[in-house]
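Structure, as structure tokens:
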Amino acid sequence: MTRCTFRSFTDSAIDETNKLGESEIHALDRALAALSADPGMGDPIPNSDPEIRWYDDDVEDVIVIYYVTVLRSVIVIAYVEA
């Protein structure tokens, strides 16, 4: 089974994604695919530096907290499933 759409993870992120079930992986993959297509779609968190964004996917009940690098890469800080 493929684990998420991102290409590299920290060791702790690998440990956490290995704990996800199939439906959680699907939800995270869907959110990451949406963010890769349009990294600015999340809402900015006020007073964050670098600008941290909050993406809430109501369809999958997923929240992704992330920031976008200068090269437009999405760096996930947290993933929460409601």
Query raised in the report: Excluding sequence neighbours, so at least two apart, what forms side-chain contact (heavy atoms from CB on, under 4.5 Å) with Glu51?
Result: Pro44, Ser48, Arg53
Query - With Thr69 via side-chain contact (heavy atoms from CB on, under 4.5 Å) - residues at least two apart - result: Tyr67, Leu71, Ser73, Ile75
**Report entry** Rounded distance [0.5 Å steps], CH2 in Trp54 versus CD1 in Ile45
**Finding:** 7.0 Å
Query raised in the report: Hey, are the side chains of Val62 and Arg30 touching, using non-hydrogen atoms and a 4.5 Å cut-off?
Result: no
Query raised in the report: In Å and rounded to the nearest 0.5 Å, what is the CG to CG distance from Asp57 to Asp61?
Result: 8.0 Å
Requested in this report: Decide yes or no for Tyr55 and Ile63: does some side-chain heavy atom of the first lie under 4.5 Å from some side-chain heavy atom of the second?
Outcome: no
Report summary line: In short, Lys19 meets Glu24 closest at the heavy-atom pair O-OE1, 4.2 Å
Query raised in the report: Of the non-hydrogen atoms in Ile65 and Ile52, which two are nearest, and what is the gap between them?
Result: CG2-CG2, 3.5 Å
**Report entry** Asp15, CG: over 12 other non-hydrogen atoms inside 6.0 angstrom
**Finding:** yes
